[in-house]
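Step one of this worksheet: look at the structure below.
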Amino acid sequence: MTERLTDQEQYRREKLAKLREKGMDPYPPRVPRTHTAEEAKRAFEAAPEGAEVRVTVAGRLMTIREMGKSTFAHIEDGSGRIQIYLRVDRLGEEAYDDFRKLYDIGDFVSVPGTLFRTRTGEITVLADSIALAAKTLRPLPDKWHGLKDTELRHRQRYLDLLANPEVREIFRVRARAVAALRRFLDERGFLEVETPILQPIYGGAAARPFITHHNQLDQDLYLRISFELYLKRLIVGGYERVYEIGRDFRNEGISFKHNPEFTQLEFYQAYADYNDVMRTAEEMVAFVAREAIGTTKITYQGQEIDLTPPWRRIRLRDAILEATGVDYEAYPDAESLFNAIIARGLEVEAKSSRGKLIDSLLGSYVEPDLIQPTFLIDYPIDVSPLAKKKPGSETTVERFEGFVAGMEICNAFSELNDPLDQRERFLAQGRDFAAGDEEAHQMDEDFITALSYGMPPTGGFGMGIDRLTMLLTDQPNIREVILFPHMRSRDRGSE
RNA sequence: GGGCCGCUAGCUCAAUUUGGCAGAGCAGCUGACUCUUAAUCAGCGGGUUAGAGGUUCGAGUCCUCUGCGGCUCACCA
């Protein structure tokens with residue numbers, strides 16, 4: 001079983017062998033480095049005119065321009081790029097020759113030298129010597145075009161990152177956004193917590209789960225589809241403000257805005273209702289945008305979007321009425337609503353519950369046009385089994401969803417804290433499940449028990465971090481903001 | 001899961017329309033060159049055209065199946 005090597009890989013293996021023959025370690029445990037590329041340039045600029053500035057920089061060789069007895073090259077490190085200049089009269093014949101014959105683009109090197117400015121004004125390290133920090137055995141992607149193949153970019157994200165600087169920036173923005181979320185919530189007295197990912201009963205959202213198994217306990221477990229039911233238990237326990245940022249797993253289709261595992265923020269605040277949460281949500285998103293990209297005015301796929309609060313608020317009923325002419329409150333059951341929808345020539349799934357019909361109208365006729373940030377308010381009860389009813393209503397709950405660029409980014413409600421009502425809601429969900437709705441909630445007795453010890457009036461909130469990052473980085477696909485998005489396994493049967 | 005589109009050298013792309021020698025740039029190798037920066041100049045090597053099968057005198061190109069990817073619809077956040 002010999003590896004099939006390309007000609008370029010073979011040349012690099014031969015160079016590796018020659019380096020070892022010459023007693024040079026191609027993978028030394030450490031190399032000297034005094035400055036990053038950026039630090040070196042700043043040090044030169046800060047130094048008095050004509051002063052000698054000595055540095056040792058280290059990084060990956062990205063370009064090599066050889067001109068006989070001297071060579072220019074660029075190395076790249078975590079801070080950026082810096083040019084190095086190698087001359088035979090400084091390195092000596094043998095070292096210079098070794099560099100030319102045994103080093104490749106992609107290799108990591110360490111270079112001590114003095115800084116100078118070239119004729120064209122570029123700050124450059126005039127090398128005293130050069131040492132290998134790590135040998136590279138495969139050629140890098142095209143230095144000019146980068147790596148474009150989407151499949152390779154995602155399967156080998158490291159190549160994408162090293163070849164495409166703009167991709168590196170996306171994940172810096174993402175990290176700043178997450179840090180800003182934590183700062184925002186921490187400053188308001190929220191406690192960051194961690195709750196189980198492996199759950200005996202999944203809940204808190206309408207989705208199909210991934211199933212796994214604990215061997216010793218011989219117990220099936222589910223990867224969580226939300227954090228909700230555990231975070232509310234913590235409100236019962238006496239924490240008044242909690243949040244969690246982590247991964248949810250949903251066994252559903254993959255699309256430009258869906259990945260099987262995705263990152264969610266949920267927070268719960270005692271003595272807040274959904275109106276309080278709405279104000280917090282718009283402030284929080286604006287804060288995160290300012291911290292992560294320096295502005296609340298973003299361009300997403302060519303559309304100018306202003307995240308500055310306050311966001312537009314409109315009742316779901318009014319939004320659907322505006323877009324479709326259907327006033328769902330005039331139709332108290334699924335059949336009459338379905339007939340009204342069909343009568344207007346609109347398309348929805350038949351045999352749906354009333355709530356699902358409304359949700360379907362929302363998804364098809366309202367959501368795509370919600371470009372500027374918008375809160376849709378007051379949802380039908382049968383698609384909101386964990387939300388509190390509006391006072392005086394049996395069919396509507398205190399719930400809102402936030403939309404930006406035609407995409408749902410958050411979901412929140414005044415939390416249902418009536419344990420008996422909650423039990424009834426679970427029972428209704430159980431009937432939906434029996435009727436074939438695989439995403440309906442299961443009865444969760446332990447959660448009901450928690451509620452029956454008393455939970456104060458509470459507002460809860462959930463937001464997709466990936467989608468938020470898509471907005472902040474102007475990316476049209478969720479895979480572009482997830483470092484290692486889910487990919488189908490490659491068939492390697494012949495190897 | 002359905003529909004449509006795609007897969008050619010390490011990378012970026014031609015050649016596919018109309019079946020007729022599989023090409024270029026970068027990268028690589030050899031040589032020249034002591035301020036270059038997509039360095040330049042001369043020469044050279046590199047391909048199971050995603051895989052399997054079929055049609056044909058002849059297939060990267062047409063047909064079938066499979067794999068993977070992209071877009072899209074459905075479901076979902």
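All values below were derived from every heavy atom in this structure, side-chain atoms included, with hydrogens, water molecules and symmetry-related copies excluded.
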Its dot-bracket string being built from Watson-Crick and G-U pairs below 3.5 Å, with | for another strand and [ ] for crossing, RNA chain B has the pattern (((((((..((((......[..)))).(((((.......))))).....(((((..]....))))))))))))....
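The list of ring pair (Phe, Tyr, Trp, His ring centres under 6.0 Å) pairs with a residue in residues 60-80 of chain A, not counting sequence neighbours, reads A:F72-A:Y85.
Residues from residues 124-136 of chain A placing a heavy atom under 4.0 Å of any atom in RNA chain B do not occur. Contacts between residues 471-481 of chain A and RNA chain B, defined by a heavy-atom separation under 4.0 Å, are made by A:N477, A:R479.
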Would you mind writing out the side-chain donor-acceptor pairs for residues 35-43 of chain A within the sub-3.5 Å range, not counting sequence neighbours?
| unit_1 | atom_1 | unit_2 | atom_2 | d |
| --- | --- | --- | --- | --- |
| A:T36 | OG1 | A:E39 | N | 3.1 |
| A:E39 | OE1 | A:T36 | N | 2.9 |
| A:K41 | NZ | A:R81 | O | 2.7 |

Contacts under 3.5 angstrom, residues 49-61 of chain A side chains, donor-acceptor by atom type, not counting sequence neighbours:
| unit_1 | atom_1 | unit_2 | atom_2 | d |
| --- | --- | --- | --- | --- |
| A:R54 | NH2 | A:D128 | OD2 | 2.6 |
| A:R60 | NH1 | A:G106 | O | 3.0 |

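Listed by chain and residue number, A:F44, A:E45, A:I123 satisfy the side-chain contact (heavy atoms from CB on, under 4.5 Å) test with A:R117 (two or more places apart in sequence, or in another chain). Partners of A:F375 by ring pair (Phe, Tyr, Trp, His ring centres under 6.0 Å), not counting sequence neighbours, listed by chain and number: A:W311, A:F400. Every residue was checked against the side-chain contact (heavy atoms from CB on, under 4.5 Å) condition with A:D369, not counting sequence neighbours, and none meets it. Under the salt bridge (charged side-chain N to carboxylate O under 4.0 Å, His left out) criterion, A:E261 pairs with A:R247, not counting sequence neighbours. Legend: residues meeting ring pair (Phe, Tyr, Trp, His ring centres under 6.0 Å) with A:F287, ordered by chain and number and at least two apart, are A:F184.
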Under a 4.0 Å heavy-atom criterion, the protein footprint on nucleotides 6-16 of chain B, written with B, S and -, is ----BBSS---
